[in-house]
Amino acid sequence: MGPKYRAPEGMNDVLPESSHLWQYIEARWREHCHRYGYREIRTPVLEYAELFERSVGETTDIVSKEMYILQRGEERYALKPEGTAPVVRAYIEHSLHSAGSAQKLYYITPFFRGERPQKGRYRQAHQMGAEIIGTAQPSADAELLAMVMHFFQSLGILPEALELRLNTIGCPTCRPAYREAVLQFGRARSAQLCKSCQTRLERNPLRILDCKECVAITTDAPPIDPYLCDECRTHFDTLQQLLKMLDVPYKRDYRLVRGLDYYTRTTFEVIAEQGLGAQNALCGGGRYDGLVEALGGAPTPAVGVGIGVERTLLVLQALEVPMPEPPRVGVYVVAFGEAARPVALQVAQQLRYAGIATDLDLEGRSPKAQMRLANRIGARFAVLLGETELAQNAATVKDLQTHEQTLVSQAELAVWIRNRLQTS
RNA sequence: GGGAUCGUAGCUCAGUUGGUUAGAGCGCCUGACUGUGGCUCAGGAGGUCGUGGGUUCGAGUCCCAUCGGUCCCCCCA
């Protein structure tokens, strides 16, 4: 029996029982990025649709059929389907290059793709991203990858649970020749390729390499290495050396040819064996040396990563990694009798002003129900107010763990409680 | 866009080859304990069995349609 109104398909409410986990992951990401010298950037949830059409690529599924388009008058907007293009747009728009050095920017953002939802894949999902804009040095790629793996580690995910897959897809100088080689390879075996790969072949031949259906055929496809230009080869070699030096394990994956048009050279993803179903990529990213220029900026190399928040959460839960408990109030104020209720509210405020997380009944429940609630929400102390206490401007503080009761004057209440909350 | 699967109380689920007033646990409320939680016990509230048709003397149970969830393909974080 569905309720009359539900959240849109593939879009989820984060309920209080799990919102603290989101806060935790997001706080960790912020901390982590600050530790690596990044600063936060926030961009609108909407951009002019054209931004994504130009950057992500008109022929990609994302742009051709998954974007949420909003038309308002003459303006065509799209809910952002990924995080990088808006950051690059902002970088150009606000001349962030003028800072003189490469910009390290991080963000946390929702993004939207109109696809059938499944485990770990939603129509509104959330991404933690980081971009280094303004350097072509492989040390940027290496630092970014080390940061990402360090981030997962800091959340308590063991390195064995993850696999960093790494590849290079060359640059506009060398990729065309490789593309041609794969195209020839594919054409020669066109009949054996799956249906979608046959159309893929003409549009974006490299994509046949990461088709699961056609692995058996494409396993013999030519590797890119002999086709790489000197610059791309040096970049990739150096990156691999740096990763080894930094003890960041990775696996070369010749099939890792990302979906978005803007990638050059380095591509990577981190996959998890457990916790995610078919959507086992926790994060993905790569170098996009042509994007800033393509969007109207000066030629500016860059590299970036996006980490799925939902997917990270699923992995943490599947691996049973310890995570924080939801916040609890320390004190619950209980009123015995109607006369005590306004005083209870007053006392609760007094405790809150003193910085003590406090709650009380606002529904007129019986004392017993109030006590039950105090216990259930995990409060450490119940502050009891009845005729006896009111007569003395005092309160009975009950320690709900030890059952000890102490009569404390209302004036000293906050200090009395704060001392015990700190020491226990 | 295609496919698989599920849909009984707020939540997790029982409901036998179709057979009277549809059940349990958790949670909620009340009481035992007239101003005191956690344990126990006794009561109570809460359900158009997703919806609409059909078969039947009779449908939660069978058939069809439809809606929704979940998972998978495609694609991607």
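Side chains are part of it too, since the values below use all heavy atoms of this structure and drop only hydrogens, waters and symmetry mates. Naming convention: chains lettered A, B, ... in sequence-line order (proteins, then strands); numbering from 1 in each chain.
- At the heavy-atom level, A:Arg372 lies under 4.0 Å from the strands shown only through sugar-phosphate atoms.
- Using a 4.0 Å heavy-atom criterion, one finds that A:Gly284 contacts the sugar-phosphate atoms exclusively.
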Scan the side chains in residues 123-132 of chain A for donor-acceptor partners under 3.5 Å anywhere in the protein, sequence neighbours excluded, and list what turns up.
| unit_1 | atom_1 | unit_2 | atom_2 | d |
| --- | --- | --- | --- | --- |
| A:Arg123 | NE | A:Glu115 | O | 2.7 |
| A:Gln124 | NE2 | A:His126 | NE2 | 3.1 |
| A:His126 | ND1 | A:Glu310 | OE2 | 2.7 |
| A:Gln127 | OE1 | A:Gly83 | N | 3.2 |
| A:Glu131 | OE1 | A:Tyr288 | OH | 2.5 |
| A:Glu131 | OE2 | A:Thr84 | OG1 | 2.9 |
| A:Glu131 | OE2 | A:Tyr107 | OH | 3.0 |

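- The gap from the C1' atom of B:rA77 to that of B:rG15 amounts to 43 Å, rounded to the nearest Å.
- Atom C1' of B:rG69 sits at a distance of 31 Å from the matching atom of B:rC29, rounded to the whole Å.
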Polar atom pairs between nucleotides 39-46 of chain B and protein, under 3.5 Å, N or O only, would you list them?
none

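- Under 4.0 angstrom from either OP1 or OP2 of B:rU30 there lies no side-chain N or O belonging to A:Lys368.
- Nearest-nucleotide mapping onto RNA chain B: of A:Arg116 and A:Leu282, the residue sitting toward the 5' end is A:Arg116.
- Within 4.0 Å of A:Lys398, counting heavy atoms only, lies at least one base atom of the nucleic acid.
- For the P atoms, the distance linking B:rG60 with B:rA22 amounts to 9 Å, nearest Å.
- Side-chain contact between A:Met147 and A:Tyr38 is present, with heavy atoms from C-beta onward closer than 4.5 Å.
- Residue contacts for A:Glu269: at a heavy-atom cut-off of 4.0 Å it reaches no nucleic acid atom on any strand shown.
- For A:Arg165, the side chain to side chain donor-acceptor pair (under 3.5 Å) partners two or more places apart in sequence, or in a different chain, are A:Glu163.
- When the side-chain nitrogen and oxygen atoms of A:Gln118 are compared with OP1 and OP2 of B:rC72, one or more of them lie within a distance under 4.0 Å.
- If you check every strand for non-hydrogen atoms under 4.0 Å, A:Glu66 touches sugar and phosphate atoms only.
- Using a 4.5 Å cut-off on side-chain heavy atoms (C-beta onward), A:Asp399 and A:Phe381 make contact.
- Residue contacts for A:Ser366: at a heavy-atom cut-off of 4.0 Å it reaches the sugar-phosphate backbone alone, with no base atom in range.
- Within 4.0 Å (heavy atoms only), A:Tyr332 reaches no atom of the nucleic acid at all.
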